[in-house]
Participant: 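Structure below; questions to follow.
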Amino acid sequence: MVKLTLYGLDPSPPVRAVKLTLAALNLTYEYVNVDIVARAQLSPEYLEKNPQHTVPTLEDDGHYIWDSHAIIAYLVSKYADSDALYPKDPLKRAVVDQRLHFESGVVFANGIRSISKSVLFQGQTKVPKERYDAIIEIYDFVETFLKGQDYIAGNQLTIADFSLVSSVASLEAFVALDTTKYPRIGAWIKKLEQLPYYEEANGKGVRQLVAIFKKTNFTFEA
Ligand SMILES: N[C@@H](CCC(=O)N[C@@H](CS)C(=O)NCC(=O)O)C(=O)O
């Protein structure tokens, strides 16, 4: 019997990427809330599990894995019946991996973490214009990636969709998605919203994150 524990909280995009993957694989797990606003991730107990003190962290049979990208690739490699969500074919896998690195190094780092850090943790209400520009550049990239394909890494659903939809849908907290300018992103999110587990795993957490930022009344510098 598999015993998995996920440490995290729903507003966190990378936690939601893991929830989407766990749901797609039909895996049951214990969900342990880590209140990062209250700095619970800095407790000695949590640092023992993940010295980088990030969420999500996955516990599997006494092993701790962190970074959502590592976790979702691990879950498919270990528990999926097929490689569809993370293809073994080297070229297909390279495209999925590129998207995962894009999420990590560009969308999350440039689009989400920098604003979250200053607004939520340092109490700033004015966000530099380059942060706005970075989000527009991300929307531009994602719209281009989706040209001629149904999913973010080709014509089948993969963990790259889970990773990227968790953060791209969350950009709504900063810059509303203009579906006239970005019709493919709008259609892609709508398609993923049809997944039976989407609302629980991602939809409600996106709304929670949007509400958190709304309350801060932050604005971008002109
Ligand atoms: N690349 C990491 C990012 C994880 C991350 O930075 N998570 C944020 C919440 S969204 C966090 O744990 N912040 C608290 C901290 O760094 O102490 C992943 O994909 O798991």
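Treat the numbers as computed from the prediction; the structure is a model and nothing was measured. Remember, it's 1-based here, ligands and their atoms both numbered in the order they're listed. In what follows, residues are counted from 1 in the order of the sequence shown.
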Participant: Atom 19 (O) of ligand 1: which protein heavy atom is closest, and how many Å away?
Facilitator: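 It is S68 OG, 2.6 Å.
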
Participant: For the aromatic rings, using the six-membered ring if either is Trp, is the centroid distance between F145 and F102 under 6.0 Å?
Facilitator: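 For F145 and F102, the ring centres are under 6.0 Å apart.
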
Participant: Could you tell me the residue and atom name of the protein heavy atom closest to atom 16 (O) of ligand 1, and the distance to it rounded to 0.1 Å?
Facilitator: H53 O, 3.6 Å

Participant: Taking side chain as C-beta onward, heavy atoms only, is Q41 less than 4.5 Å from T54?
Facilitator: no

Participant: Kindly say whether Y151 contributes a backbone atom to a donor-acceptor pair with the side chain of Q149 at under 3.5 angstrom?
Facilitator: yes

Participant: Between D67 and ligand 1, is there a nitrogen or oxygen pair with a distance under 3.5 Å?
Facilitator: yes

Participant: May I ask which of L42, I36, L209, I65 has a heavy atom nearer to atom 9 (C) of ligand 1 than the others do?
Facilitator: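 Comparing heavy atoms across L42, I36, L209, I65, the nearest one to atom 9 (C) of ligand 1 lies in I36.
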
Participant: Which ligand 1 atoms does P56 reach within 4.0 Å, using its non-hydrogen atoms?
Facilitator: 20 (O)

Participant: Identify the protein heavy atom lying closest to atom 12 (O) of ligand 1, giving its residue, its atom name and the separation to 0.1 Å.
Facilitator: V55 N, 2.8 Å

Participant: Find the distance between NZ (K117) and CD1 (I112) and round it off to the nearest 0.5 Å.
Facilitator: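 Separation between the atoms: 15.0 Å.
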
Participant: Quick one: pull up CZ in R16 and CG in L209 and give me the separation to the nearest 0.5 Å.
Facilitator: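 Rounded to the nearest 0.5 Å, the CZ-CG separation comes to 6.0 Å.
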
Participant: Taking side chain as C-beta onward, heavy atoms only, is Y31 less than 4.5 Å from L22?
Facilitator: no

Participant: For the pair Y7 and Y64, name the ring-plane relationship: parallel under 30°, tilted 30 to 60°, perpendicular over 60°.
Facilitator: tilted

Participant: Check each atom of ligand 1 against the heavy atoms of H69 and keep those under 4.0 Å away; list them by number with element.
Facilitator: 19 (O)

Participant: In terms of residue, atom name and distance, what is the protein heavy atom nearest to atom 14 (C) of ligand 1?
Facilitator: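 Result: Q41 NE2, 3.3 Å.
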
Participant: When you look for heavy atoms under 4.0 Å from ligand 1, do you find them on the side chain of F108, its backbone, both, or neither?
Facilitator: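 Just the side chain.
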
Participant: Say whether T54, considering both its backbone and side-chain N or O atoms, lies within less than 3.5 Å of an N or O atom on ligand 1.
Facilitator: no

Participant: Considering heavy atoms of the protein only, find what lies nearest to atom 10 (S) of ligand 1 and give residue, atom and distance to 0.1 Å.
Facilitator: S12 OG, 3.2 Å

Participant: Decide whether an N or O pair under 3.5 Å exists between S104 and ligand 1.
Facilitator: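 N/O-N/O distance under 3.5 Å: no.
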
Participant: Just heavy atoms, cut-off under 4.0 Å: does P14 contact ligand 1 by side chain, backbone, both, or neither?
Facilitator: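 For P14, only side-chain atoms sit under 4.0 Å from ligand 1.
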
Participant: Do Y139 and Y132 sit in one hydrophobic cluster, given that two such residues count as connected whenever their side-chain heavy atoms are within less than 4.5 Å of each other, even indirectly?
Facilitator: yes

Participant: Can you find a pair of side-chain heavy atoms, one from K204 and one from D10, that are under 4.5 Å apart?
Facilitator: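 Of all side-chain heavy-atom pairs linking D10 with K204, at least one is under 4.5 Å.
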
